[in-house]
Amino acid sequence: MTKSIHDYTAIEILAEIKSRRLSVLDIAKHYLQRIQKYNPVLNAYLSINQNLLEEAQNADDQIQRGSDKPLLGLLIAVKDNFLTKGLPTTASSLVLKDYYPPFESTVTQKLLDAGAIIIGKTNMDAWAHGSSTETSQYGPTKNPHDLDRLPGGSSGGSAAVIAARLAPITIGSETAGSIRQPSAWCGVTGFKPSYGRVSRYGIISMASSTDQAGPITRDVADAALIMNIISGKDKYDATSLPSPVDDYLSLLNKKDLKGIKVGLVKEYLLAQMRPDVKELIHNASKKLVELGAIVEEVSLIDPKYAIGVYTVVQRSEVSSNLARFDGVRYGTDRSFFGPEAKRRIMLGTFTLSAGYYDAYYKKAQAVRTKIISEFDEIFKKYDVVIGAVSPGPAMKIGATLDQPMFGEMEDILTEPAAVAGLTSISIPCGFVDNLPIGLQITGSQLSESKVLSIAKVYQDATNFIKYPEHFNS
Amino acid sequence: MDVKKIAQLANLTLIDNEEKLFAKQFEDTFLVVDQLKEIDTKDIVLTSQVTKLENVTRPDQVDSERILSQAEALANAKNTYKGFFVVKQVIDK
């Protein structure tokens with residue numbers, strides 16, 4: 001069977017472009033056709049770059065002239081909370097229905113500078129508030145593995161785009177699971193860098209102390225490719241880390257996992273978790289042992305406390321960040337906020353208000369310290385910890401109705417790493433009811449290379465990347 | 001929790017049955033959040049950010065790379081007047 005354009009990973013298609021076996025224009029036309037065919041069903045893209053073919057032709061011309069930009073001609077889909085000059089940016093909210101950003105986010109600017117072309121903007125939970133993409137004010141995205149199910153969120157559009165192969169690669173963002181959880185539910189690879197590794201400048205702020213951008217991709221190598229471009233200190237983001245950036249791609253050189261110590265967190269095998277999901281995590285653990293790693297059961301603070309910390313910290317920061325949307329300089333007035341945003345703004349207003357600040361906000365910050373010190377202790381003895389990304393597979397559309405804590409409960413296993421600012425990856429580790437399940441591998445701050453290289457060894461030794469067949473043609 | 005008052009503080013208008021609905025939903029949320037009380041946090045240093053960076057500053061100089069033109073700054077505003085943003089009157093005449 002010959003390979004179609006949409007079957008190539010980002011690294012593979014860049015090689016095809018470089019050797020001129022494929023033109024960027026042909027690739028762009030191919031993806032546009034697929035988007036026209038499948039997006040009405042999936043609702044994964046909110047908007048498409050109207051200058052795509054022109055920019056593709058321009059990339060072909062640059063290749064002709066011998067340009068060696070690392071991502072030249074790579075089509076990339078971007079979550080709709082990244083400001084993109086000339087392309088509408090809504091954060092899936094009606095408040096920003098007609099908003100055209102006057103400047104570019106650092107992440108997209110770095111990708112554009114490297115030669116990438118933005119193919120379109122992807123659907124998400126409105127303001128990234130949620131884990132379903134069901135709170136989008138432009139309708140939910142469907143999960144390509146089962147159209148009656150949710151893709152997860154908040155970067156659900158980006159994850160669905162990869163699962164349905166409607167772009168070679170995408171960018172998402174995470175505050176507490178919004179890259180990892182939709183990647184798990186859609187059966188793709190999602191990488192969350194340490195807090196501060198990637199600039200937040202030009203990403204519509206949700207919770208500023210945990211927000212972080214990262215790639216959602218076909219495989220681990222593609223994630224490393226993107227991390228090489230987007231990581232690093234940014235003078236426009238004071239919280240971006242000045243530490244030197246590894247060459248993630250060339251560090252994916254492990255042949256096996258000899259000498260690697262892995263902690264299997266027993267509290268993350270939740271009582272309410274389906275036995276078949278637990279089994280997949282135990283299987284993954286056995287696979288890591290087969291590959292040479294030492295896996296031991298470890299204990300961490302019950303993740304239910306991370307929900308409390310995250311809920312208070314996130315709501316508080318949201319109430320402050322979303323105060324700027326008053327309809328004066330951009331956007332509509334505040335009556336266009338959906339119920340989810342309203343709830344979060346109001347709860348945060350309450351937890352920051354006089355008399356409740358100590359009881360809620362300070363308490364959450366103290367428990368946050370406890371979660372961080374436990375991780376610090378664990379990482380003195382172990383290279384990484386593993387667990388499931390989500391308690392179960394993708395849920396049915398409508399699952400979030402009247403569930404104001406849906407996102408928090410769904411993200412119980414991703415929140416601890418988020419509040420501690422750690423790096424973590426979600427990679428496919430099997431299926432239940434024909435729906436994908438994700439394994440997460442979490443490392444200490446700035447251990448991106450380690451997490452990526454361990455994930456690569458596991459991914460190369462397993463065969464869990466399966467794309468839904470109805471998007472084959 | 002006085003839902004109506006909080007909405008007012010947050011500059012939000014509640015519609016339909018939101019006042020009653022949110023009150024119930026906030027109660028459910030606090031059942032989860034209140035579990036934090038089970039943890040002893042005496043003498044623990046608070047964490048407001050995780051980077052360990054301190055006092056990140058820049059020279060107090062205008063960065064010309066980042067200035068929007070007047071037209072760009074006003075481009076997304078629904079209501080402008082002679083190059084200014086129009087805001088609601090907040091002070092009595």
Side-chain angles (χ1 to χ4, degrees), chain A residues 98-103 194-196 209-210 235-236 238-242 301 304-305 307-309 311-312 315 319 323 326-332 334-335 337 339 342-343 345-351 353 360 362-370 372 402 404-405 408-409 419-421 445, chain B residues 1-3 5-16 18 21-22 24-26 28-53 55-58 63 65-66 68-69 71-80 85-88:
Chain A
D98 305 310
Y99 179 61
Y100 281 83
F103 65 97
S194 310
Y195 179 78
S209 80
T210 66
K235 65 176 174 176
Y236 296 154
T239 60
S240 60
L241 297 169
I301 192 167
K304 74 177 184 188
Y305 297 114
I307 300 181
V309 172
T311 302
V312 173
R315 302 305 193 265
S319 76
D326 56 5
V328 172
R329 290 164 300 158
Y330 40 73
T332 65
R334 292 170 78 77
S335 67
F337 278 122
K342 277 183 172 178
R343 267 199 302 267
I345 294 169
M346 286 173 64
L347 198 80
T349 305
F350 177 74
T351 52
S353 63
Y360 292 108
K362 281 190 164 175
K363 181 75 186 181
Q365 286 185 310
V367 179
R368 189 176 188 180
T369 305
K370 254 197 138 128
I372 293 169
D402 203 32
M405 288 292 278
E408 285 60 37
M409 303 315 257
V419 297
Q445 269 190 323
Chain B
M1 177 171 161
D2 184 345
V3 172
K5 187 182 160 213
I6 293 293
Q8 205 181 359
L9 283 174
N11 191 16
L12 291 170
T13 313
L14 299 176
I15 51 165
D16 305 332
E18 279 180 345
L21 180 71
F22 286 179
K24 169 79 183 70
Q25 291 175 333
F26 290 146
D28 293 348
T29 300
F30 280 115
L31 284 181
V32 178
V33 169
D34 283 338
Q35 292 179 328
L36 292 179
K37 290 179 186 155
E38 297 163 12
I39 297 186
D40 178 15
T41 49
K42 202 168 154 274
D43 302 327
I44 286 189
V45 183
L46 307 182
T47 297
S48 58
Q49 55 100 350
V50 296
T51 62
K52 299 181 183 81
L53 300 175
N55 298 333
V56 179
T57 58
R58 62 170 176 79
D63 176 357
E65 279 174 48
R66 263 215 298 190
L68 299 179
S69 67
E72 284 172 322
L74 291 168
N76 279 289
K78 296 262 183 297
N79 201 354
T80 61
F85 295 109
V86 175
V87 299
K88 269 193 202 163

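Keep in mind it's a predicted model, so treat the numbers as computed, not measured. Keep in mind that the numbers below use all heavy atoms, side chains included, and drop hydrogens, waters and symmetry copies.
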Check whether A/Tyr99 gets within reach of chain B through its side chain, its backbone, both or neither, counting any heavy atom under 4.5 Å.
-> both
Using a 4.5 Å cut-off on heavy atoms from C-beta on, say whether the side chain of B/Val33 contacts that of A/Glu408.
-> no
Can you measure from OH (A/Tyr305) to NZ (B/Lys37) and round to the nearest 0.5 angstrom?
-> 13.0 Å
How long is the span from the OG1 atom in A/Thr311 to the CG atom in B/Leu36, to the nearest 0.5 Å?
-> 8.5 Å
Quick one: pull up CZ in A/Phe337 and CG in B/Asn11 and give me the separation to the nearest 0.5 Å.
-> 9.5 Å
Is A/Phe103 close to B/Glu72 at the side-chain level, that is, under 4.5 Å between some pair of heavy atoms?
-> no
Is NZ or CZ of A/Arg343 both nearer than 6.0 Å to the six-membered ring centre of B/Phe26 and within 45° of the ring axis?
-> no
Go through the atoms of A/Val419 and report whether side chain, backbone, both or neither lie under 4.5 Å from a heavy atom of chain B.
-> backbone
For the candidates B/Val32, B/Val56, B/Ile6, which exhibits the highest count of non-hydrogen atom pairs separated by less than 4.5 Å from chain A?
-> B/Ile6
Bottom line for A/Ala323: the part with an atom under 4.5 Å from chain B's heavy atoms is neither
Does the side chain of A/Met346 come within less than 4.5 Å of B/Leu12's, by heavy atoms?
-> yes
Look at A/Gly348, A/Gly196, A/Ala238, A/Gly327 and state which one has the largest set of heavy-atom pairs under 4.5 Å with chain B.
-> A/Ala238
Checking A/Thr369 against chain B: side chain, backbone, both or neither under 4.5 Å from a heavy atom?
-> both
Checking A/Pro339 against chain B: side chain, backbone, both or neither under 4.5 Å from a heavy atom?
-> both
Report yes if some heavy atom in the side chain of B/Arg66 is under 4.5 Å from a heavy atom in the side chain of A/Lys235; otherwise report no.
-> no
Validation row: A/Tyr236, B/Glu65 side chains within 4.5 angstrom (heavy atoms) | yes
Can you tell me if A/Lys304 uses its side chain to pair, donor with acceptor, with the backbone of B/Gln35 under 3.5 Å?
-> no
Can you tell which part of A/Met405 gets under 4.5 Å to a heavy atom of chain B, answering side chain, backbone, both or neither?
-> side chain
Given side chain to side chain donor-acceptor pair (under 3.5 Å), test A/Lys363 with B/Thr41 step by step and report yes or no.
-> CA-CA 7 Å; A/Lys363 181 75 186 181; B/Thr41 49; 2.9 Å; yes
Turns out that what part of A/Leu347 lies under 4.5 Å from chain B's heavy atoms comes down to both
Select one option (side chain, backbone, both, neither) describing which atoms of A/Ala420 are under 4.5 Å from chain B's heavy atoms.
-> backbone
Side-chain touch A/Thr239/B/Gln49, heavy atoms, less than 4.5 angstrom = no
Heavy-atom distance under 4.5 Å between the side chains of B/Phe30 and A/Phe350, does that happen here?
-> yes
Just by modelled atom types, is the A/Gly331 backbone N or O under 3.5 Å from a matching donor or acceptor in the B/Asn76 side chain?
-> no
Rounding to 0.5 Å, atoms OG1 (B/Thr29) and CD1 (A/Ile307) come to a distance of 11.0 Å
Separation of A/Lys370 NZ from B/Ile39 CD1 (nearest 0.5 Å) | 6.5 Å
Atom OG of A/Ser353 and atom NZ of B/Lys5: how far apart are they, to the nearest 0.5 Å?
-> 7.0 Å
Would you mind checking which part of A/Ser240 comes under 4.5 Å of any heavy atom in chain B, side chain (CB onward), backbone (N, CA, C, O), both or neither?
-> backbone
B/Gln8, CD: over 12 other non-hydrogen atoms inside 6.0 angstrom = no
